[in-house]
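The structure appears right after this line, and notes come after that.
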Amino acid sequence: MPDDLESQIIEGSVRLICNGTQVLGYISFWPVAHQMFIDTLAVLPTHHRQGLGSKLLAFADMETLRLGFKAVTLFTKARMTGNSQFYQRRGYRETGRCDDDGFCRVFYTKTFQPR
């Protein structure tokens, strides 16, 4: 499992969304235990609310289904309420919480129906 951005890029688990040569955002994800785990989703603040994060999540969904997995998981910090709302509007449901070195983490899962 990659533990930093450089190794994630080398392993091919990072996907970019660009405008020409400018990186506007990225998502990193990889398979873990027959599901997809999203490690990071980031979009430049100047490009928020333009649908780029949704496009990146949709790409992860397609890869999840392509690999035959039935779920995508991720976590965010509880204090980032905008993130929680963003994920919930895109079909993710809260599956747990924990304290991680002083930060409350909220875990989310999106499941897919078999086709």
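- Side-chain contact between I38 and V72 is present, with at least one heavy-atom pair separated by less than 4.5 Å.
- Annotation: side chain of F107 is in contact with side chain of C98 (closest heavy-atom distance under 4.5 Å).
- Within the 4.5 Å cutoff, no side-chain heavy atoms of R105 are placed close to those of T76.
- Each of T46, L16, L52, L56 was evaluated against L24; a single residue qualifies, L52, per the side chain to side chain contact (heavy atoms under 4.5 Å, CB included) test.
- Side chains of R93 and T109: a donor-acceptor N/O pair is absent below 3.5 angstrom, by distance only.
- Here the CG-NE2 distance, from N19 to H47, works out to 6.5 Å after rounding to the nearest 0.5 Å.
- Side-chain heavy atoms closer than 4.5 Å link hydrophobic residues (I, L, V, M, F, W, Y) into clusters, and following such links, possibly through other members, connects M62 to F29.
- The closest side-chain heavy-atom distance from V14 to I27 is not below 4.5 Å.
- Residues T40 and Y26 meet the side-chain proximity criterion, which asks for heavy atoms closer than 4.5 Å.
- Residues F75 and V106 fail the side-chain proximity criterion, which asks for heavy atoms closer than 4.5 Å.
- Between H34 and F69, the two ring planes are perpendicular [angle over 60°; tilted spans 30° to 60°].
- Annotation: ring pair (Phe, Tyr, Trp, His ring centres under 6.0 Å) contacts of Y92 (sequence neighbours excluded): Y87.
- R89 CZ: more than 12 foreign heavy atoms inside a 6.0 Å radius.
- Partners of E63 under the side chain to side chain donor-acceptor pair (under 3.5 Å) rule, at least two apart in sequence or in another chain, are R66.
- Interatomic distance, F86 CZ to L57 CG, rounded to the nearest 0.5 Å: 4.5 Å.
- In this structure, K110 contributes its side chain and T73 its backbone to no donor-acceptor pair below 3.5 Å.
- Take Y108 and apply the ring pair (Phe, Tyr, Trp, His ring centres under 6.0 Å) test, not counting sequence neighbours, and it matches no residue.
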